[in-house]
J.: 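Let me begin by handing over the structure; questions about it come next.
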Amino acid sequence: MKRNSQLLALTHLSQLLDFVTGIGGLIVPLIIWAVKKDEVVDMDEHGRSIINFRITMFLYLLICIPLVILFGLGLVGMLVIGAFYLIYPIINAIKASNNEQPSYPFTIKFI
């Protein structure tokens, strides 16, 4: 096994495909993680953190939907989640390229 910082960073940045394709930001990192987790050092940890982040943010979005109807506060929640979707993959791609561990705040560990 070898460390491939560029592939780790690319895996984090591939989440931004959501802004182009709608769902590619979940599928592409999932495929990269599944294929390379045994070949690249730290890919398993980075891949797990990405998938956990994606699932958690999706659940938070689901919670925001009724809050839009009931209180209008869901719009604020959706804006915050949108900012997280944009900012944290970039931050963690930089961390991956610097051989640091990923850090996604407010993430529930599912896997």
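Throughout, residue positions are numbered sequentially from 1 according to the sequence presented.
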J.: Surrounding CZ of F58 (heavy atoms of other residues, nucleotides or ligands, distance under 6.0 Å), is the total greater than 12?
T.: no

J.: To the nearest 0.5 Å, what is the distance between CD1 on I94 and OG on S5?
T.: 13.5 Å

J.: Flag the pair I50 / Y104 as yes when at least one side-chain heavy-atom distance between them is below 4.5 Å, and no otherwise.
T.: yes

J.: CD1 of I111 to OG of S49: how many Å apart, nearest 0.5 Å?
T.: 9.0 Å

J.: For a side chain to side chain contact (heavy atoms under 4.5 Å, CB included) check, start with the C-alpha distance between L8 and S97, then their side-chain angles and the critical distance, and finish with the verdict.
T.: CA-CA 7 Å; L8 292 173; S97 66; over 6 Å; no

J.: Which side-chain N or O atoms in residues 77-92 pair as donor and acceptor under 3.5 Å with protein atoms at least two apart or in another chain?
T.:
unit_1	atom_1	unit_2	atom_2	d
N92	OD1	S103	N	2.7
N92	ND2	Y88	O	3.0
N92	ND2	S103	O	3.1

J.: Measure the shortest side-chain to side-chain distance between I51 and W33 over non-hydrogen atoms and say whether it is less than 4.5 angstrom.
T.: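 In contact.
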
J.: How about Q101: does its CD atom have over 12 heavy atoms from other parts shown lying under 6.0 Å from it?
T.: yes

J.: Roughly how far apart are M43 CE and R48 CZ, rounded to 0.5 Å?
T.: 13.0 Å

J.: So, using side-chain contact (heavy atoms from CB on, under 4.5 Å) as the criterion, who are the partners of L75 when residues are at least two apart?
T.: V68

J.: Do F110 and I108 make a side-chain contact, defined as non-hydrogen atoms from C-beta onward lying under 4.5 Å apart?
T.: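 Yes, side chains in contact.
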
J.: How far does CG of L67 sit from CG of L73, to the nearest 0.5 angstrom?
T.: 6.5 Å

J.: Using residues 35-42 as the side-chain source, report each donor-acceptor pair under 3.5 Å to any protein atom, sequence neighbours left out, with the distance given to one decimal.
T.:
unit_1	atom_1	unit_2	atom_2	d
K36	NZ	E39	OE1	3.2
D42	OD2	R3	NH1	2.4

J.: Please, which pairs that meet salt bridge (charged side-chain N to carboxylate O under 4.0 Å, His left out) have at least one residue in residues 90-111, sequence neighbours excluded?
T.: none

J.: Ignoring hydrogens and angles, tell me if any N or O in the side chain of Y60 forms a donor-acceptor pair with the backbone of F106 under 3.5 Å.
T.: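 Yes, the answer is positive, given that a donor and an acceptor are paired below the 3.5 Å cut-off.
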
J.: Can you name the residues that form a side chain to side chain donor-acceptor pair (under 3.5 Å) with H46, not counting sequence neighbours?
T.: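 Listed in chain order: H12.
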
J.: Could you pull out every donor-acceptor pair under 3.5 Å between side chains of residues 22-29 and any protein atom, sequence neighbours left out?
T.:
none

